Amino acid sequence: MTLRTRVVLGFAGTLALMLALFSAALYAGMAYALYREVDRDIAGRAADVARFVRVVPRAHLQARLIRLPNVEVFSAPDLFIQVLDPAGTPVARSANLGDRLLPPAGALPTQGQYVTASVDGVRLRMYSVPLFVNERPALIVQTARSLRDVDFTLRRLRRALVTGSLLMVLVSAAVVAWLTSAFVNPLARITRTAMDIEASGDLRLRVDYRGPPDEVGRFAAAFNAMLERLEQAYNRLNAAYEAQRRFLADVSHQLRSPLTVIRGNVELIRRARRESPSRQQPALEAALEDTHAAATHLSRLVDGLLTLARAETGQPLAREPVPLAEVLDEAARQGRRLAQGRRFRVAGLEAAEGRVVAGHRDYLVQLFLILLENAAKYTPPGGSILLEVAGGDREVRVTVADTGIGIRPEHLPHIFERFYRAPDASGTDGTGLGLAIGRWIAEQHGGTIAVESEPGRGSRFTVTLPVAAGQPGPTGAP
Ligand code: ADP
């Protein structure tokens, strides 16, 4: 049985029961009052008649003459009067009785007595009362009234109560059914949506609720909000899964070519050794050289992947106060070594003096080395590379600028993506992971990394890092 049916049946049942009790009480009270009125009326008339009976004493024979009043005076169209002698023989009757007789009173009543009888199919209420003369019953006065009007009134009342009650129950049941649907229908819609989602797996479905923001409205809204959260969580998971899948595909692709080179070269070396074990061959030297380069590339790739895999876990770096000047000294030393054949200049190092970054020393050095290595890689010999430091109150900016090949605008937005390499870089050795790692390190330190570049003229990478504590260097910010 549905919730709505139960509510409607429960309500209609209770209302019907209450109306039945109320109608029964009302009907009984009404019937009692009407019948009592009849009883009182006929008893009063009988008393009136009795009051006007005259007893005339006779001196002789101890007999008495009883003189009756004209009963016509006391009757009414629906009130019948009949006077009997103690033997039950009628001695007077009201004219409205015609030739009919009121039923006898039965045994001689000793006091007033009510009887309901039926005469010619008409229900009569009859009252019989004895009249005593010298303590001996002398007459019986009978008064009666037709119950037709009372019965008719009661019948109409009964019909009105039954029809009225039925109508009230039906109308209220309809109203309750309508009101119930106001909260049952949205519930049904919510259930249907949940079942649709279950069947189709489509988390974009929502409950279509149009109505006031009452309890049901709030429930529908909460249900939709929960679906929204579920959908977002699912989308995030899906995106992470997609990224992971792409990453794995990229990694496999990146690993395949150096491994092919290594396998091919080792194969070549083995064959050459088999054919002429003693002879030195220049081709062998070249193959060994290639193998070494491929292995180096592989280990750099694996190093980069390990770092990114760590980044992927989302665990923050363990941080400690790192003096920025030491990091930049180390970076400058290595930068000079990497520059080989390009002019290398360091400026504003004193701005880093005394400044402390909350972070990880090795990662910070790695960040600047990535930029310096790129500057050297993408700047032809004869160009120049600049490592410049500038300090503000709360942050330090470290710029690595070069006069190299630059990056075309269409590639700029992608260079921080994993494995992305601009076509101009294809001639140089690289994994495409450096800047992705660099950006992760900068972000882990609460900083940013930005790039400006002009193709053919050079690039400029700026790392901005918040300074945790410490005093600015003697010369301060430029
Ligand atoms: P890679 O190992 O290829 O250098 P990175 O992630 O470090 O990978 O750099 C991504 C790409 O950004 C490079 O392939 C190159 O196209 C471009 N790039 C990075 N630094 C420079 C630079 N200083 N000058 C020109 N292009 C650069």
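Read the numbers this way: they start at 1 and go in the same order the structure lists the ligands and their atoms. Here the structure is a predicted model, which means the values were calculated and not measured. Every heavy atom of this structure was used, including side-chain atoms; hydrogens, water molecules and symmetry mates were not.
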Could you name each residue pair satisfying salt bridge (Lys or Arg N to Asp or Glu O under 4.0 Å) that touches residues 333-349, not counting sequence neighbours?
-> E330-R333

Would you say R361 has more than 12 foreign heavy atoms packed within less than 6.0 Å of its CZ?
-> yes

Is the closest side-chain heavy-atom distance between V122 and V119 below 4.5 Å?
-> no

Tabulated below should be the N or O atoms of ligand 1 paired with protein N or O atoms at under 3.5 Å; can you produce that?
| unit_1 | atom_1 | unit_2 | atom_2 | d |
| --- | --- | --- | --- | --- |
| ligand 1 | 2 (O) | T431 | N | 2.9 |
| ligand 1 | 2 (O) | G432 | N | 3.0 |
| ligand 1 | 3 (O) | Y378 | OH | 3.1 |
| ligand 1 | 3 (O) | R421 | NE | 2.5 |
| ligand 1 | 3 (O) | R421 | NH2 | 3.2 |
| ligand 1 | 4 (O) | N374 | OD1 | 3.1 |
| ligand 1 | 4 (O) | K377 | NZ | 3.1 |
| ligand 1 | 4 (O) | Y378 | OH | 2.8 |
| ligand 1 | 6 (O) | G434 | N | 3.3 |
| ligand 1 | 6 (O) | L435 | N | 2.8 |
| ligand 1 | 7 (O) | N374 | OD1 | 3.3 |
| ligand 1 | 7 (O) | N374 | ND2 | 2.8 |
| ligand 1 | 7 (O) | L435 | N | 3.4 |
| ligand 1 | 8 (O) | G432 | N | 3.3 |
| ligand 1 | 14 (O) | Y378 | OH | 3.4 |
| ligand 1 | 16 (O) | A422 | N | 3.1 |
| ligand 1 | 20 (N) | N374 | ND2 | 3.4 |
| ligand 1 | 23 (N) | D402 | OD2 | 2.9 |
| ligand 1 | 24 (N) | S459 | OG | 3.3 |

Note: E231-R206 ion pair, threshold 4.0 Å (strictly below) | yes

Below 4.5 Å, heavy atoms only, C-beta onward: do L288 and H292 meet side chain to side chain?
-> no

Quick one: are L205 and S200 in side-chain contact, heavy atoms under 4.5 Å?
-> yes

